[in-house]
Amino acid sequence: MVNHVLGKSTVPVVRLYDERLKNQIQFVNDSSCGAIIAHSSNVKCEQFHLGKSTRIENKCMHGYKREGSQYFTCEHVTSSCKLCNCNATGSKSNTCDEESGQCSCKDNFTGLHCEIKVHQDCKWSDWTGWSTCSRACGTGGEYKRHRHVAVKQQGSGKQCTGSSQETRQCFKKCCDGTFHCSDSSRCLTELNVSHVIVITKVQHQENVLGMVHVPVNHITAEGVVKVNYAQYISLDMVSKPKIP
């Protein structure tokens, strides 16, 4: 460069210097740029510091969330930092998740900024259907049905009351198949006797034939009476079994 300008007039040298300097500045302007994002902890680059194709990640300061792109170039700044704006009453601090902006909420508070106080009553599900009887025969069986907590209590809401299970007694038949109790409470075998006399109404078709004594061996497991002059007829108990 020095040899190139030696012996030349000062005016052309100055002109050449100015021209080359201008070209260099233009080149830098064309190939670089700067980027500054308010409240970013790392994007604070002045002009000429960044290549135009350089990918930059925006990391916001505590108390701010990122909006827009995580990565960008200085030619197209598509990221910014916005205040978390956490509710002072419901949030644990003024910081939030950098991506979602979700503040850290205290118990019984919810919402993006922890601005909503929770009031949720507990709610039961519907009851299931009744189960089958726990005993195929004999007394002492139970039907059962269940329910569960469908919605949990939160905040100042009410707790669920009552039980998650209900039971009721059931009776299908006596295990020896010889007697069916009319009150569904006791079987003949539970009384430990071999013979009973039952006072009952005997009905044939539409006519009541009167009151009879029925030996136990004429009573079937289905609770009907077998007599010589009629087919099976209903057993309508009018008195408790008597032990002779």
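- In this structure, the side chain of Glu19 does not engage the main chain of Tyr17 through any donor-acceptor pair within 3.5 Å.
- Looking at Ser91, its side chain never comes within 3.5 Å of a backbone N or O of Cys105 through a donor-acceptor pair.
- Rounding to the nearest 0.5 Å places NZ of Lys44 at 9.5 Å from CD1 of Ile36.
- For Asp97 (side chain) and Gln102 (main-chain N/O), no donor-acceptor pair under 3.5 Å exists by modelled atom type.
- Judged by distance alone, the side chain of Ser79 and the main-chain N or O of Ser69 form a donor-acceptor pair under 3.5 Å.
- For Lys123, the NZ atom is loosely surrounded, since the number of other residues' heavy atoms within 6.0 Å does not exceed 12.
- For the side chain to side chain contact (heavy atoms under 4.5 Å, CB included) criterion with Cys86, the lone passing option out of Cys96, Ser93, Cys114 is Cys96.
- Neither Phe109 nor Ile116 shares a network with the other; the hydrophobic side chains, linked directly or stepwise wherever heavy atoms of I, L, V, M, F, W or Y lie under 4.5 Å apart, form separate groups for each.
- Here Arg168 does not pair with Glu166 in a salt bridge; the nearest charged N to carboxylate O distance is not below 4.0 Å.
- Under the 3.5 Å distance criterion, with hydrogens and angles disregarded, a donor-acceptor pair is assigned to the side chains of Gln70 and Glu57.
- By the 4.5 Å heavy-atom criterion applied to side chains, Val149 and Ser125 are not counted as neighbours.
- Hydrophobic cluster membership differs between Met61 and Val43, with clusters built from Ile, Leu, Val, Met, Phe, Trp and Tyr side chains linked at under 4.5 angstrom.
- The distance from atom SG of Cys84 to atom NZ of Lys65, rounded to the nearest 0.5 Å, is 8.0 Å.
- Tracing side-chain contacts under 4.5 Å through hydrophobic residues (I, L, V, M, F, W, Y), one never reaches Tyr64 starting from Ile37; they form parts of separate clusters.
- Using a 4.5 Å heavy-atom cutoff, the side chains of Gln169 and Thr167 are not in contact.
- Summarising the geometry of Arg147 relative to Asp126, their closest heavy-atom pair is CB-O, 3.9 Å, with the distance given to 0.1 Å.
- Nearest approach of His119 to Gly157, heavy atoms of both residues: ND1-N, 4.0 Å.
- Asn108 has its side chain out of reach of Gln154: every pair of non-hydrogen atoms, C-beta onward, lies at least 4.5 Å apart.
- Heavy-atom minimum distance, Arg145 versus Gly129: CB-O, 3.8 Å.
- Comment: Arg66 engages Glu98 in a salt bridge, judged by a side-chain N to carboxylate O separation of less than 4.0 angstrom.
- At a cut-off of 3.5 Å, with distance as the only test, no side-chain donor of Thr95 or His62 sits close to an acceptor on the other residue.
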- Task: Starting from the C-alpha separation in whole Å, work towards a yes-or-no answer on disulfide bond (SG atoms under 2.5 Å apart) for Cys133 and Cys170.
- Result: CA-CA 6 Å; Cys133 189; Cys170 57; 2.0 Å; yes
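- Rounding to the nearest 0.5 Å places NE2 of His148 at 10.5 Å from OG1 of Thr128.
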- What's the verdict on side chain to side chain contact (heavy atoms under 4.5 Å, CB included) for Asn58 and Asn42, showing C-alpha distance, side-chain angles and the deciding distance? CA-CA 7 Å; Asn58 179 24; Asn42 65 314; 4.2 Å; yes
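- Contact detail for Ser131 and Tyr143: the closest heavy-atom pair is O-CD2, 3.1 Å.
- With a 4.5 Å cut-off on side-chain heavy atoms, Ser40 and Cys60 do not count as touching.
- Not one N or O on the side chain of Thr73 forms a donor-acceptor pair closer than 3.5 Å with the backbone of Thr54.
- Within a 6.0 Å radius of NZ in Lys52, other residues, nucleotides and ligands contribute more than 12 heavy atoms.
- A donor-acceptor contact shorter than 3.5 Å is absent between the side chain of Trp127 and the backbone of Gln165.
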- Task: Starting from the C-alpha separation in whole Å, work towards a yes-or-no answer on side chain to side chain contact (heavy atoms under 4.5 Å, CB included) for Val151 and Gln120.
- Result: CA-CA 8 Å; Val151 179; Gln120 176 61 61; 3.5 Å; yes
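- For CG of Asp18, the number of neighbouring non-hydrogen atoms (other residues, nucleotides, ligands) closer than 6.0 Å is greater than 12.
- Of all the heavy atoms in Val77 and Phe72, the pair that sits closest is CA-CD1, 3.9 Å.
- Proximity of a side-chain donor or acceptor of His39 to a complementary backbone N or O of Leu83 within less than 3.5 Å is not detected.
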